[in-house]
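Start at 1 and go down the list; that is how both ligands and their atoms are numbered. Because the structure is a prediction, the values reported are computed rather than measured.
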Amino acid sequence: MSEPELRVFPDSEALSQEAARQFESLSRECVGERAVFSAALSGGSTPRRLYELLAGPGFSSGIPWHRVRLFQVDERCVPPEHPDSNYRMIREALLDRAPVPSASFHRLAAELPHREATCREYAQEMARVLGSKGREAPGLDLIYLGMGPCGHTASLFPGSAALDERNLWIVPNYVPKLAACRLTMTFPVLNAARRIIFLVAGAEKAETLRQVVQGPRQTELYPAQGVQPRKGRVSWYVDEAAASLLNRRAV
Ligand code: 6PG
């Protein structure tokens, strides 16, 4: 695995603008090479601005949306119009505003009661759309990840069972600290990606970011450290506030 790239931006807006440039550029490159571009989108709050930019006049017209396939990194087990739904945030910021064909966005139906079946069906959908053969995880072209103040990414939380999943691509994961279940992509899928961009902003993440990118490897404690794609490239896009405790000489 190549050394992760770390880019520090003055603020969250600059970080989001560059992340959008990467999406536009990579989508055109991948469609030019293989007629399709696949990406997985995280939820939470940080990526909302990125998704708004992708749907906006500065980027949308440069993206071959008809050849883009979008997946969700994870989802809360709530209805799709619930305020906590990642899908709702992605729909409001991107899907309602950009010419994304409805069949090109693959919603993770985490509200359904039979969660294992939902995860199995979603993995089958990914395999069908991405042309994966057998059990090897599909190599998504791009995955946007966030990082919580506790060091989680996707819905891979410290001490949660999904950290140990080495075969299934999407699993239900009970998160004790939230007393809630999530559906989440697992390390096999994340680490098969060609490109991963972490988006991290805010001073409240500074200590965790320092631990994750410059501290000893403790994946159980800081699951974001488990994102180490075999062949892919990882970039950390962080703002000055989140980078405030980093040893810049080591950057
Ligand atoms: C989720 C996300 C999660 C998110 C981090 C950071 O469902 O919450 O997928 O992994 O990326 O919690 O969230 P913020 O960007 O809101 O800080």
Original post:
Are the charged groups of Arg48 and Glu92 less than 4.0 angstrom apart, N to O?
Top reply: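 A salt bridge is present here (some side-chain N lies under 4.0 Å from a carboxylate O).
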Can you tell me the protein heavy atom closest to [atom] and the distance?
atom	value
atom 12 (O) of ligand 1	His152 NE2, 2.8 Å
atom 13 (O) of ligand 1	Gly44 CA, 4.1 Å
atom 17 (O) of ligand 1	Lys205 NZ, 2.5 Å
atom 3 (C) of ligand 1	Ala154 O, 3.4 Å

Original post:
Applying a 4.0 Å heavy-atom criterion (strictly less than), which segment of Asn86 is in contact with ligand 1: side chain, backbone, both, or neither?
Top reply: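 It is the side chain that touches ligand 1; the backbone stays farther off.
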Subject >> Asp74, portion touching ligand 1 at heavy-atom distance under 4.0 Å >> reply: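 Side chain only.
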Original post:
So, is Arg76 polar-close to ligand 1, with some N/O to N/O distance under 3.5 Å?
Top reply: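 Such a contact does occur with ligand 1.
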Subject >> Ser45, any N or O under 3.5 Å of ligand 1 N or O >> reply: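 It does: an N or O of Ser45 is found under 3.5 Å from an N or O of ligand 1.
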Subject >> Distance-only polar pair, side chains of Ser27 and Trp65, donor-acceptor under 3.5 Å >> reply: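 Short answer, no.
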List ligand 1 atoms under 4.0 Å from [X], heavy atoms only on the residue side.
X	value
Gly146	11 (O)
Thr46	14 (P), 15 (O), 16 (O), 17 (O)
Met147	6 (C)

Tell me which donor-acceptor pairs under 3.5 Å the side chains of residues 196-210 have, and how far apart each pair is, sequence neighbours excluded?
unit_1 : atom_1 : unit_2 : atom_2 : d
Lys205 : NZ     : Met147 : O      : 2.8
Glu207 : OE1    : Arg210 : NE     : 3.1
Glu207 : OE1    : Arg210 : NH2    : 3.4
Glu207 : OE2    : Arg210 : NH2    : 2.8
Glu207 : OE2    : Gln211 : NE2    : 3.2
Thr208 : OG1    : Pro149 : O      : 2.4

Subject >> Partners passing salt bridge (Lys or Arg N to Asp or Glu O under 4.0 Å) against Glu165 (at least two apart in sequence or in another chain) >> reply: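 Glu165 satisfies salt bridge (Lys or Arg N to Asp or Glu O under 4.0 Å) with no residue once adjacent residues are dropped.
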